[in-house]
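By convention in this document, chain letters (A, B, ...) are assigned in the order of the sequence lines, proteins followed by strands, and residues within each chain are numbered from 1.
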Number of protein chains: 2
Amino acid sequence: MTISYIAETAGVSIPTVSKVINGRSGVSPDTRARVEALISEYGYRKVNRRNMMELVFGELEDMWGIEVIRGVERVAREHRVGVVLTEFGPRRDTGEHPIDETLARRPACVVTVAQLSEEQRDQLRAKDIPFVVFDPTTELPDGVPFVGATNWAGGRAATRHLIELGHRRIAMIAGPDRVLCCRARLDGYRSALEAAGLSADPGLVVRTDLTREDGRTAAIGLLNRAERPTAIFACNDLQALGVYQAARELGLRIPVDLSVVGFDDLPITALVDPPLTTVHQPLTEMAAAATELALALGRGEETPQVGLELATTLTVRESTSPPVCPPE
Amino acid sequence: MTISYIAETAGVSIPTVSKVINGRSGVSPDTRARVEALISEYGYRKVNRRNMMELVFGELEDMWGIEVIRGVERVAREHRVGVVLTEFGPRRDTGEHPIDETLARRPACVVTVAQLSEEQRDQLRAKDIPFVVFDPTTELPDGVPFVGATNWAGGRAATRHLIELGHRRIAMIAGPDRVLCCRARLDGYRSALEAAGLSADPGLVVRTDLTREDGRTAAIGLLNRAERPTAIFACNDLQALGVYQAARELGLRIPVDLSVVGFDDLPITALVDPPLTTVHQPLTEMAAAATELALALGRGEETPQVGLELATTLTVRESTSPPVCPPE
DNA sequence: CTGAAAGCGCTTACAG
DNA sequence: CTGAAAGCGCTTACAG
């Protein structure tokens, strides 16, 4: 399957086919359509480049990496595009930065879970490789394409669920302020409290890292307060599992003595005892959307939306129930 | 970086450099060495092919896919080889099989977690693409390269651990007989019992699928027997988590009333309550070894070993203890 | 063993 | 908008 065969069959010259394939101007719509029809009929594919895209991770996450990969794979397969998987994180030692290798491969587009630096983004732009940032953790300049989740709405929904169950003293284990999605979840929590006419007690908000151990420590602090919270909303599922540990150590039963809500809906949360009520992030769909967007940009299409957030949903399981003796 | 630049610098003709790069004959050792030195000095790489390898999954596994990917990534990065990730499983609808796309990409080599058919293996051989089977589930013909784990030894170690704790009525929830690693684990269990002079009660072995739900059902059956086993060895961690469910439902405490051992050491097993004693499969190291092997085959090297199994190790956590009243 | 020559698939600059 | 012409990077067949 060569350009010359396509050209002969279409009754046009080789350069014309070349232009169509590379999306250049200077071809009439008619001719373009005819050539494109033949290209898809014969399954012609450029050998050198542009039938590959790249999925870049900072570090492959144990818990949710697979769901992202699955979404990217699905869409890439539909478009007959191969996916090169790259991990940036673990090595800084060798002189060459992994981004150089990504650049050298000239992928059709990049979906990046890693937070690229301004410089790295410029490098990609310079090589005309469009990219989409997956679930950005920091504020991005306008015009940088991204796909995220509705973190604020998720935090709000989780908190409202607890309020509707009758909880009044609802604590939050929040994440680091520098991580954008953590701030959004915290603000969602506050917003739900405010909407319900409840005052947010600053003493019931603890900022800590997104690990199980930090969740445990924070929960122990909260649960040892004079007026114990009846519910804890954790910024992510790992922290929520730390709350489980703390509750066990303090002899508190979930959900009878303490309701717990997490965030992320990791596969493991359905398997713990009791199964965790948590805010579901549609990671696979987010990854699929990011890939569609990146591929569209790679084809040079004008996309109406370069940034979007997909809706989170509350998955109610068994770690939440009405408080035993409603306070106040 | 072009062939002509290398040729000029080396003081040879372009065809000569081309021959060196493609590993063809008709170049003197001297010339070849000189050209190769320049190629590695300037980091010249063929654009078309052979700086990519392919990692093929049947279906991306929630629980351990990431660990495999991580091992492959690490080694591929060291060798400056990109990794294309492909998922075979979920689609049969489109006429073209994913293997065709893998073949069309002409990777330097393939590491496959999917069980390839004889025909698919032949296709790869025909295109001169070497491959290594990761953790084969069925018997492979001699000479097919593979990397697995010592399943028999793992099953033996798990069972011996229970025997050493004083257990005598040790049940096993085994996997399907057609899956090779399940048979090996079962035989390891039997072998440990025999070595300890214990008779294997066939009534204490249940064959079922490798899911949590099947583990739960099997465990309920076992725990309702007149002479209840004091320990259960499950063929994988998901089944072991099903045993946890069953124990909870029957009001049995782990490990006081029942010891449980799993197999795989999924990340989640450290997080459940109590943390699960399980046989660790070195998935990342297995993946790294498979990749080293595949890349070596791709370079046309003679490798001393085309099949190997990496050692499993027993990870003792808190789901095993001596039986409360040792039977007999 | 070496490289001049022909050729392949593709792109680019430009004349019409 | 179209394609003849020149050119690029590489490979192949073959003369020396």
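Rounded to whole angstrom, the span from the CZ atom of B:R32 across to the P atom of C:dC1 amounts to 8 Å. Atom CD1 in B:I21 sits about 11 Å away from atom C1' in D:dG9, given to the nearest Å. Atom CD1 in B:I3 sits about 10 Å away from atom P in D:dG9, given to the nearest Å. Atom NZ of B:K19 is separated from atom P of C:dC1 by 9 Å (rounded to the nearest Å). As a whole-Å value, the separation of B:Y5 OH from D:dC8 C1' is 18 Å.
For A:S25, no side-chain nitrogen or oxygen approaches OP1 or OP2 of D:dC1 to under 4.0 Å. Contact between the side-chain N/O atoms of B:R24 and the OP1/OP2 oxygens of D:dT12 is found at a separation under 4.0 Å. OP1 or OP2 of C:dC1 has not a single side-chain nitrogen or oxygen of B:T16 nearer than 4.0 Å.
In this structure, of D:dC10, C:dC10, D:dC1, it is C:dC10 that holds the atom nearest to the side chain of A:T2.
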Self-check item: Pairing annotation in dot-bracket form, given for DNA chain C with Watson-Crick or G-U pairs under 3.5 Å and | for cross-strand partners
Solution: |||.||||||||.|||

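The gap from the P atom of C:dC10 to that of C:dC14 amounts to 23 Å, rounded to the nearest Å. When the P atom is used for both C:dA13 and C:dG9, the distance is 23 Å, rounded to whole Å.
Sorted by first and then second residue, the side-chain hydrogen bond (donor to acceptor under 3.5 Å, both in side chains) pairs involving residues 133-149 of chain B (not counting sequence neighbours) form an empty list.
Not a single donor-acceptor pair under 3.5 Å links the side chain of B:D122 to the backbone N or O of B:Q120. At distances below 3.5 Å, not a single donor-acceptor pair connects side-chain atoms of A:R125 with backbone N or O atoms of A:F131. Judged purely by atom type and a 3.5 angstrom limit, A:T284 uses its side chain to pair as donor or acceptor with the backbone of A:E67. For A:S18 (side chain) and A:I14 (main-chain N/O), no donor-acceptor pair under 3.5 Å exists by modelled atom type.
Where B:S18 and A:V27 each meet DNA chain D at their nearest nucleotide, the meeting point lying more 5' is that of A:V27.
Counting heavy-atom neighbours within 6.0 Å of A:E119 CD, excluding the residue itself, gives a total of 12 or less.
If you check the side chains of B:T102 and B:E54, you find a donor sitting under 3.5 Å from an acceptor. In the model, B:T312 has no side-chain atom that pairs as donor or acceptor with a side-chain atom of B:Q281 under 3.5 Å.
Of the charged side-chain nitrogens involved, none lies within less than 4.0 Å of a carboxylate oxygen, so that B:E73 and B:R70 do not count as a salt-bridged pair.
Sorted by residue number, the members of residues 6-15 of chain A with any non-hydrogen atom under 4.0 Å from DNA chain C read A:I14, A:P15.
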